[in-house]
A.B. asks: 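Following this message is one structure expressed as structure tokens.
Residue numbers begin at 1 in each chain, while the letters A, B, ... track the order of the sequences.
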Protein chains: 2
Amino acid sequence: MDTKNKIINSAIKFFLHLGYDNTSLGAIAEDVGIKKPSIYYHFKNKEDLFILSTSYILESIEEKVTQSIENSYSAKDKIERICLSLIEFNHNLSAQINNDYNKPINMINLFHTAANKFPILKKRINDYYTFLHKTLINAMLTGQKNKEVLKEIDAKSTSMELLAQIEGHLVISSLFSNYDTSSIHQSIFNIISNLLTNNEPSKKFFKHKTKTLSLNTKW
Amino acid sequence: MDTKNKIINSAIKFFLHLGYDNTSLGAIAEDVGIKKPSIYYHFKNKEDLFILSTSYILESIEEKVTQSIENSYSAKDKIERICLSLIEFNHNLSAQINNDYNKPINMINLFHTAANKFPILKKRINDYYTFLHKTLINAMLTGQKNKEVLKEIDAKSTSMELLAQIEGHLVISSLFSNYDTSSIHQSIFNIISNLLTNNEPSKKFFKHKTKTLSLNTKW
DNA sequence: GTCTATACGCAGATAGAC
DNA sequence: GTCTATCTGCGTATAGAC
């Protein structure tokens, strides 16, 4: 990995851990094994580094979501995979980042800071949610054509419900120690099974497809 | 309002807007109409001011939630009121704070910073979610005794689902411009109506009881 | 490309007068 | 209780050598 990627890699770690303001370029430099001014050779300034780092995370998620449904033709399967991709991305990111400390990590927090501080990231994050929203809606609409999904379902509000459920669970899991990790799978399963024409009445547990989303690759 | 309350009032505004790090004591002092060192007469330091401000918000929400269900004896009504209280508190806070700028505001973000930086607030926020969780569970359990709520329902996971739905919608609403404000009411209505024994099949819109939760009172 | 040295500004905090 | 003046440390950023 070249220095530039090392810096972004480390920056993401720090930004997720400490936020934008509490992350100092000196700390990133030390982590990478260079001196502070060297960062300025690769990036214009701290803002530039932050914007690129955040954009990289967003691109990675979108890529993983797209890949996850590539070979899937059932609406149920697609929706499940999209939701699982989001959850697993967050979990993998936490697992990778949360090595030393015992602090809650949450991408939402990063997104919020990003949207607040930098208009370009506000737009980018909005595009990210638009992408997720559209992808979920498309899965439902094709499912309705196949008679797999109930025709009365409103795809837009259901997509919003799924996204809110996922983001909400991720947020609460980092703030509430009593949180039960499995409950998000149950919730998503409930929402999805309510969409389907062959809705099995017994509330089975959501099958957890552990197709791990690798974050160990280059940033 | 005395100076100390004026400072907390202003501090909450700034902390919600700009976060802990971007809020300077000088700005708060200017807003209140005093000089920076005067803040140190009322508060030990910036951390102290932040901890007291955040605690005040949490206490206010808990108080409003408690008040909202005081005269309610139906489980459905209680659950609805708890959820609405949370949504309205956030909305009222945003409306009160979001006067000048056009920036997303979200308490979750404040909670996250608070939990990350100050162990005492991490505990306090955990207690806050425990309170909400227990209050919702109690409403469901009494509903099950009255045969108002289906006995198969798992109160714990349903409470978690409701909280996640609310927090998730609030988060997304501040990051996604396409977000439809009404969808949260629909989602909560769906979850609640699935709990009830006299579950009406037609998905009616969630009745929006606009009992405004005042935040204009003293902090 | 990376370094040492350094300028610069900002914000938290204190001393001490009134 | 509130003020003016001031200290202090930290973090961004640049200059310029190697």
Side-chain angles (χ1 to χ4, degrees), chain A residues 1-55 100-101 103 109-110 113-114 116-121 218-219, chain B residues 1-56 101 103 109-110 113-114 116-121 218-219:
Chain A
M1 190 159 35
D2 61 354
T3 306
K4 186 166 181 175
N5 274 315
K6 274 187 196 160
I7 295 169
I8 291 190
N9 205 359
S10 174
I12 288 174
K13 212 166 68 182
F14 277 99
F15 287 142
L16 280 168
H17 255 308
L18 308 173
Y20 179 76
D21 296 296
N22 281 306
T23 297
S24 77
L25 296 179
I28 295 172
E30 195 185 342
D31 186 48
V32 172
I34 56 174
K35 298 295 176 184
K36 198 166 52 167
S38 302
I39 294 175
Y40 286 87
Y41 175 79
H42 300 282
F43 303 92
K44 218 181 79 192
N45 51 30
K46 190 183 179 181
E47 296 188 0
D48 186 36
L49 176 57
F50 181 74
I51 291 169
L52 288 170
S53 304
T54 309
S55 302
D100 303 338
Y101 322 113
K103 289 181 179 175
N109 196 255
L110 191 74
T113 312
N116 247 317
K117 270 188 134 75
F118 306 110
I120 192 175
L121 286 178
K218 46 123 199 54
W219 286 104
Chain B
M1 190 159 34
D2 62 356
T3 306
K4 186 167 183 174
N5 274 315
K6 273 188 197 161
I7 295 170
I8 291 191
N9 204 0
S10 173
I12 288 174
K13 211 166 68 182
F14 277 99
F15 287 141
L16 280 168
H17 254 306
L18 308 174
Y20 179 75
D21 295 297
N22 280 305
T23 296
S24 78
L25 296 178
I28 295 173
E30 195 186 341
D31 187 48
V32 171
I34 56 175
K35 298 295 175 185
K36 195 165 59 167
S38 302
I39 294 175
Y40 287 87
Y41 176 80
H42 301 282
F43 304 91
K44 218 180 82 194
N45 51 28
K46 191 183 178 182
E47 298 188 1
D48 186 37
L49 175 57
F50 181 73
I51 291 169
L52 288 170
S53 304
T54 308
S55 303
Y56 197 94
Y101 322 111
K103 289 182 177 175
N109 196 255
L110 191 76
T113 311
N116 247 317
K117 272 187 133 76
F118 306 109
I120 192 175
L121 286 178
K218 47 116 194 61
W219 284 104

A.B. asks: Can you check the Asp21(A) CG to dG12(C) C1' distance for me, whole Å?
C.D. replies: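 Taking atom C1' of dG12(C) as the reference, CG of Asp21(A) is at 15 Å.
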A.B. asks: With a 4.0 Å cutoff (strictly under), does any side-chain N or O of Lys35(A) reach OP1 or OP2 of dC3(C)?
C.D. replies: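 Checking dC3(C) against Lys35(A), no side-chain N or O comes under 4.0 Å of OP1 or OP2.
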A.B. asks: OP1 or OP2 of dT2(D) sitting under 4.0 Å from any side-chain N/O of Thr3(B)?
C.D. replies: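 Answer yes for this pair, as a side-chain N or O of Thr3(B) is under 4.0 Å from OP1 or OP2.
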A.B. asks: In whole Å, what is the span from the CG atom of Asp2(B) to the C1' atom of dT2(D)?
C.D. replies: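 Value for this atom pair: 15 Å.
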A.B. asks: Specify whether Phe50(B) and Phe118(B) have parallel, tilted or perpendicular ring planes, treating 30° as the upper limit for parallel and 60° as the lower limit for perpendicular.
C.D. replies: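 Judged by the thresholds at 30° and 60°, the geometry between Phe50(B) and Phe118(B) is tilted.
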A.B. asks: Mind calculating the distance between CD1 (Ile28(A)) and C1' (dT2(C)) to the nearest angstrom?
C.D. replies: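 Going from Ile28(A) (CD1) to dT2(C) (C1'), I get 17 Å.
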A.B. asks: Tell me: NZ of Lys6(B) to C1' of dT2(D), nearest whole Å?
C.D. replies: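 That distance rounds to 13 Å.
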A.B. asks: Quick one: Glu47(B) CD to dA11(C) P, roughly how many Å, whole number?
C.D. replies: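 After rounding, the reported distance stands at 17 Å.
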A.B. asks: I need the CZ-P distance between Phe15(B) and dA11(C), as an integer number of Å.
C.D. replies: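 Atom CZ in Phe15(B) sits about 13 Å away from atom P in dA11(C).
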A.B. asks: Would you mind reading off the distance between Tyr41(A) atom OH and dG16(D) atom C1', rounded to a whole angstrom?
C.D. replies: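 Interatomic distance, OH of Tyr41(A) to C1' of dG16(D): 16 Å.
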A.B. asks: Given side chains that start at C-beta, do those of Phe15(A) and Leu110(A) come closer than 4.5 Å, heavy atoms only?
C.D. replies: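 With C-beta onward as the side chain, the pair touches.
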A.B. asks: Does a donor on one side chain and an acceptor on the other come within less than 3.5 Å for Asn45(A) and Asp48(A)?
C.D. replies: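 No, no side-chain donor-acceptor contact under 3.5 Å.
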A.B. asks: Roughly how many Å is it from CZ in Phe43(B) to P in dA13(C), rounded to a whole number?
C.D. replies: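 Those two atoms, CZ and P, are 13 Å apart.
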A.B. asks: Take Lys117(A) and Asn22(B) through the side-chain contact (heavy atoms from CB on, under 4.5 Å) test and state the conclusion after the steps.
C.D. replies: CA-CA 10 Å; Lys117(A) 270 188 134 75; Asn22(B) 280 305; 2.6 Å; yes
A.B. asks: Does NZ in Lys4(A) sit with more than 12 non-hydrogen atoms of other residues, nucleotides or ligands closer than 6.0 Å?
C.D. replies: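 It does not: Lys4(A) NZ has 12 such atoms or fewer within range.
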A.B. asks: Relative to the 5' end of DNA chain D, which residue comes earlier, Ile34(B) or Thr23(A), by the nucleotide with the nearest heavy atom?
C.D. replies: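 Residue closer to the 5' terminus by nearest nucleotide: Ile34(B).
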A.B. asks: Given dA13(C), is OP1 or OP2 found less than 4.0 Å from the side-chain N or O atoms of Tyr40(B)?
C.D. replies: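 For Tyr40(B), the contact criterion (side-chain N or O under 4.0 Å from OP1 or OP2 of dA13(C)) is met.
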A.B. asks: DNA chain D: Pro37(A) or Asn22(A), which has the more 5' nearest nucleotide?
C.D. replies: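 Going by which nucleotide is closer to the 5' end, it is Asn22(A).
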A.B. asks: Can a donor-acceptor pair under 3.5 Å be found between the side-chain atoms of Lys36(B) and the base atoms of dG12(C)?
C.D. replies: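 Indeed there is one.
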A.B. asks: Nearest to the side chain of Ser38(A) - dT2(C), dA13(C), dT4(C)?
C.D. replies: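 Of dT2(C), dA13(C), dT4(C), dT2(C) is nearest to the side chain of Ser38(A).
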